[in-house]
Participant: 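Before anything else, here's the structure in question.
Residues: numbered from 1 along the sequence shown. Computation of the quantities below employed the complete heavy-atom set of this structure, encompassing side-chain atoms and omitting hydrogens, waters and symmetry-equivalent molecules.
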Amino acid sequence: MSKFDNNNIGNYLLKVNGTIIFHLQNVLDKRQMTKYKLSKITNIRYDTICNYCNGNVTLINVEYLKIFCSVLNCKIEDILEFRA
């Protein structure tokens with residue numbers, strides 16, 4: 001459960017139904033690249049990359065997304081999807 005669930009941050013946040021789906025593992029598979037190799041190329045911790053691959057991310061780091069897109073030669077929509 002995220003600290004953002006059930007509007008625990010305050011009464012001023014809008015409650016939105018939906019979820020963010022991460023497709024980083026799919027992109028890695030298409031590029032025949034391992035999480036370990038992506039970690040070594042980008043200097044992003046292996047555990048962090050695993051979290052993005054498994055969807056265990058609470059706060060999205062925009063810099064990481066830019067790095068992923070650059071290294072994997074893909075678009076942001078290849079990595080993230082919003083489902084209502």
Side-chain angles (χ1 to χ4, degrees):
M1 175 180 257
S2 164
K3 65 182 178 181
F4 296 99
D5 290 342
N6 298 322
N7 205 10
N8 286 332
I9 290 183
N11 294 328
Y12 303 110
L13 272 184
L14 176 66
K15 179 71 173 167
V16 177
N17 292 323
T19 188
I20 300 290
I21 308 295
F22 291 88
H23 298 291
L24 181 58
Q25 184 63 58
N26 295 342
V27 176
L28 287 172
D29 291 345
K30 288 179 187 175
R31 304 293 190 277
Q32 297 182 332
M33 184 181 293
T34 64
K35 292 178 281 229
Y36 179 79
K37 184 173 180 181
L38 181 62
S39 174
K40 290 301 176 190
I41 291 170
T42 62
N43 290 319
I44 298 172
R45 291 180 60 238
Y46 177 80
D47 291 344
T48 300
I49 291 174
C50 287
N51 286 337
Y52 276 86
C53 287
N54 298 328
N56 296 329
V57 180
T58 302
L59 295 175
I60 298 171
N61 186 320
V62 174
E63 291 302 314
Y64 288 171
L65 294 178
K66 289 172 20 182
I67 292 168
F68 294 154
C69 288
S70 178
V71 169
L72 297 170
N73 191 28
C74 65
K75 297 177 182 177
I76 191 74
E77 55 267 26
D78 295 329
I79 296 174
L80 292 176
E81 174 188 357
F82 174 74
R83 287 190 190 163

Participant: Go through I20 and V57 one step at a time and tell me if the side-chain contact (heavy atoms from CB on, under 4.5 Å) criterion holds.
Facilitator: CA-CA 9 Å; I20 300 290; V57 180; over 6 Å; no
Participant: Could you tell me the separation between the CD atom of Q32 and the NZ atom of K37, rounded to the nearest 0.5 Å?
Facilitator: 10.0 Å
Participant: Between the side chain of R31 and the main-chain N/O of V71, is any donor-acceptor distance below 3.5 Å?
Facilitator: no
Participant: Atom CG of L72 and atom CG of L38: how far apart are they, to the nearest 0.5 Å?
Facilitator: 5.5 Å
Participant: Nearest 0.5 angstrom please: I44 CD1 to N51 CG, how far?
Facilitator: 12.0 Å
Participant: Using the side chain to side chain donor-acceptor pair (under 3.5 Å) criterion, which residues pair with D29? Sequence neighbours excluded.
Facilitator: Q25
Participant: Can you pull out every ring-ring contact (aromatic ring centres under 6.0 Å, His included) where at least one residue sits in residues 14-53? Sequence neighbours excluded, please.
Facilitator: F22-Y52, Y52-F68
Participant: Answer yes if V62 and L59 sit in the same cluster of Ile, Leu, Val, Met, Phe, Trp and Tyr residues linked by side chain heavy atoms under 4.5 Å apart, and no otherwise.
Facilitator: no
Participant: Can you run down the salt bridge (charged side-chain N to carboxylate O under 4.0 Å, His left out) pairs that involve residues 73-82, sequence neighbours left out, and say none if there aren't any?
Facilitator: E81-R83
Participant: Tell me every residue that passes side-chain contact (heavy atoms from CB on, under 4.5 Å) with S70, counting only those two or more places apart in sequence or in another chain.
Facilitator: none
Participant: Output all residues satisfying side chain to side chain donor-acceptor pair (under 3.5 Å) with K66, sequence neighbours left out; order by chain, then residue number.
Facilitator: E63
Participant: Are F82 and L80 connected, step by step, through hydrophobic side chains (Ile, Leu, Val, Met, Phe, Trp, Tyr) whose heavy atoms are closer than 4.5 Å?
Facilitator: yes
Participant: Following the transitive rule for hydrophobic clusters with a side-chain heavy-atom cut-off under 4.5 Å over Ile, Leu, Val, Met, Phe, Trp and Tyr, establish whether I41 and L24 coincide in one cluster.
Facilitator: yes
Participant: Under the rule for side-chain contact (heavy atoms from CB on, under 4.5 Å), what residues qualify as partners of C69, not counting sequence neighbours?
Facilitator: C74, I76, I79
Participant: Got a sec, which residues hit ring pair (Phe, Tyr, Trp, His ring centres under 6.0 Å) with Y64, two or more places apart in sequence or on another chain?
Facilitator: none
Participant: So, using side chain to side chain donor-acceptor pair (under 3.5 Å) as the criterion, who are the partners of D47 when residues are at least two apart?
Facilitator: R45
